[in-house]
Amino acid sequence: MKVLVIGGGGREHALVWKIAQSPRVSKIYCTPGNAGICAEPGVECIAWDGKDLDTLLGIASNIQPDLIVVGPELPLAQGVVDELNRRGMRVFGPTKAAAQLEASKGFAKEFMRRHNIPTAHYAVCPNETELRAALPHFHGKIVVKADGLAAGKGVVIANSREEASDIALEMLSGNLVGTAGASVVLEEFLEGEELSFLVLSDGEHVAPLVPAQDHKRVGEGDTGANTGGMGAYSTSALLDPQMQEWLLTHIVRPVIAGMKAEDAEYRGILYVGLMMTARGPQVLEFNCRFGDPENQAVLMRLESDIVDAFEASIDGRVSDGDFRWSADPAVCVVVASGGYPSTFETGKKISGLAEADAVPGVKVFHAGTGHVDADIVTTGGRVLGVTARGATLEEALRMAYETVEKIKFEGMQYRRDIGAKALKK
Ligand code: AMP
Ligand code: GLY
């Protein structure tokens with residue numbers, strides 16, 4: 001079968017790599033892809049700006065794939081699944097209505113209130129008047145979130161009401177994250193460990209993926225600005241079977257049933273971002289797709305055919321048997337451009353990739369990479385995701401970091417403490 005993968009980040013490189021392992025797949029197209037994706041055997045990349053829906057629909061119509069897998073949130077929020085379904089194509093991912101769970105944080109919060117799903121206290125503020133009215137109800141640190149999609153940059157933690165007010169006004173004015181900030185959500189600050197819990201859904205049934213933990217802050221020791229994610233690891237130790245059952249019963253199944261009841265049936269990957277607090281797990285956010293960089297670590301552990309799982313979601317027959325996992329932990333260390341997540345330069349030549357690719361048990365997933373003549377150069381903030389699987393987390397981390405050290409480009413930065421908290425336990 002022919003498969004089209006939409007996207008061009010580290011998450012999509014991992015998807016393409018895993019899909020290519022399916023004996024059922026003869027050809028993979030990826031749009032726009034990146035230098036690493038194009039180098040995978042049997043994969044053809046097609047240029048696309050990552051934004052224009054009509055161009056994307058044209059690309060899919062030309063290829064007529066047997067299966068389309070959508071990686072990023074933007075096309076999902078634009079309704080790519082609805083449009084492709086209308087054209088008779090088989091697509092893995094949620095519809096526009098279902099993707100609202102990620103595309104509008106206000107929608108997600110009100111949905112959680114309607115369905116009694118545990119989440120931080122909040123206020124949705126579409127303008128300055130509502131912001132002024134809401135602020136006195138918050139104490140201590142306040143989390144300010146842009147309602148819309150902001151590529152991981154729409155959340156700021158303020159230390160006081162004054163600071164929260166300044167940030168929220170900046171967002172509302174459109175200066176900070178453009179139209180994504182046309183409405184803001186204020187949220188109570190929660191303390192605890194974060195957990196990314198993902199499930200596959202067909203609108204009714206769910207199958208959990210192995211848990212992962214992201215490292216959102218740019219700096220070591222969880223300091224500095226929030227990013228799209230600087231590294232992730234996946235080990236079974238992150239979530240015991242009782243807690244997994246609790247999450248399925250009190251969060252995941254009510255979300256899937258609630259979306260169906262609200263005529264927004266949820267098919268695809270549901271990503272639940274959690275804070276494990278003293279008063280129990282609380283939902284921080286939903287994403288309507290795989291995590292990035294969590295996916296790189298999670299798919300390193302997947303031993304069954306991912307294409308079968310995608311088809312189970314499309315055909316309404318998701319069951320616990322859809323995934324078979326390795327017990328071995330996996331880790332992904334993100335290598336980013338200097339300056340990320342604020343301004344950074346691109347076009348830096350990357351060296352050492354051939355040596356890194358040759359390390360057994362390690363896979364270097366590309367994110368922001370492209371070609372200039374024969375060179376591979378940086379094209380984005382997050383450049384590579386060096387991913388390793390080992391008998392222990394320690395072993396996986398050692399393999400990943402030894403491989404990172406083989407790679408060089410001007411200004412490159414990475415966190416040296418991915419998974420460090422888990423090792424201390
Ligand atoms: P979100 O996109 O809503 O998941 O927010 C991005 C990141 O901001 C999360 O992964 C957390 O690290 C942090 N964050 C979001 N909401 C809260 C909260 N209520 N309390 C503490 N940290 C939060
Ligand atoms: N790593 C967080 C995300 O994918 O949104």
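As the structure lists them, so they are numbered: ligands from 1, and atoms in each ligand from 1. Quick caveat, the model's predicted, so the values are computed rather than measured.
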| said: Salt bridge or not between Arg132 and Glu128? Use side-chain N to carboxylate O under 4.0 Å. | reply: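 A salt bridge is present here (some side-chain N lies under 4.0 Å from a carboxylate O).
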Quick check: are there more than 12 heavy atoms from other residues, nucleotides or ligands sitting under 6.0 Å from [atom1] of [X]?
X: Glu410; atom1: CD; value: no
X: Lys18; atom1: NZ; value: yes
X: Glu303; atom1: CD; value: yes
X: Lys216; atom1: NZ; value: yes
X: Glu345; atom1: CD; value: no

| request: Search all heavy atoms of Ser201 against all heavy atoms of Tyr266 and return the closest pair with its distance. | output: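 For Ser201 versus Tyr266, the nearest heavy atoms are OG-O, 2.9 Å.
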| query | What's the shortest heavy-atom distance between Gly229 and Pro293, and which atoms? | reply |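 Smallest interatomic distance, heavy atoms only, reads CA-CD, 3.8 Å.
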| task | Run down the list Lys145, Glu285, Glu187 and name the one with the heavy atom closest to atom 15 (C) of ligand 1. | result |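 Nearest option to atom 15 (C) of ligand 1, by heavy atoms: Lys145.
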Does ligand 1 have a heavy atom under 4.0 Å from the side chain of [X], from its backbone, from both, or from neither?
X: Val143; value: side chain
X: Val155; value: side chain
X: Glu188; value: backbone
X: Asp214; value: neither

| field | Check: Thr369 side chain, His366 main-chain N or O, donor-acceptor pair, under 3.5 Å | value | no
| request: For Phe310, check ring-ring contact (aromatic ring centres under 6.0 Å, His included) against everything at least two apart and list the hits. | output: Phe92
| note | Sorted by chain and number, sequence neighbours left out, ring-ring contact (aromatic ring centres under 6.0 Å, His included) with His115 holds for Phe111
Which residue and non-hydrogen atom of the protein lie closest to [atom], and at what distance in Å?
atom: atom 9 (C) of ligand 1; value: Glu194 OE1, 3.5 Å
atom: atom 23 (C) of ligand 1; value: Leu284 CD2, 4.1 Å
atom: atom 7 (C) of ligand 1; value: Asn226 ND2, 3.8 Å

| field | Test item, Lys105 contacting ligand 1 (heavy atom, 4.0 angstrom) | value | yes
| query | For ligand 1, is there an atom lying under 4.0 Å from some heavy atom of Met275? | reply | yes
| message | I want to know if ligand 1 touches Leu190 in the polar sense, i.e. an N/O pair below 3.5 angstrom. | response | yes
| message | If the cut-off is 4.0 Å to any non-hydrogen atom of Phe189, which atoms of ligand 1 fall inside it? | response |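 Within the 4.0 Å cut-off of Phe189, ligand 1 contributes 20 (N), 21 (C).
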| said: Going by the rule side chain to side chain contact (heavy atoms under 4.5 Å, CB included), which residues pair with Asp166 if we only count those two or more places apart in sequence or in a different chain? | reply: none
| Amino acids in close contact with ligand 2, where any non-hydrogen atom sits under 4.0 angstrom away |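 Only Asp214, Lys216, Gly228, Tyr271, Asn287, Arg289, Gly291, Asp292, Pro293, Glu294 have heavy atoms that fall under 4.0 Å of ligand 2, ordered by chain and number.
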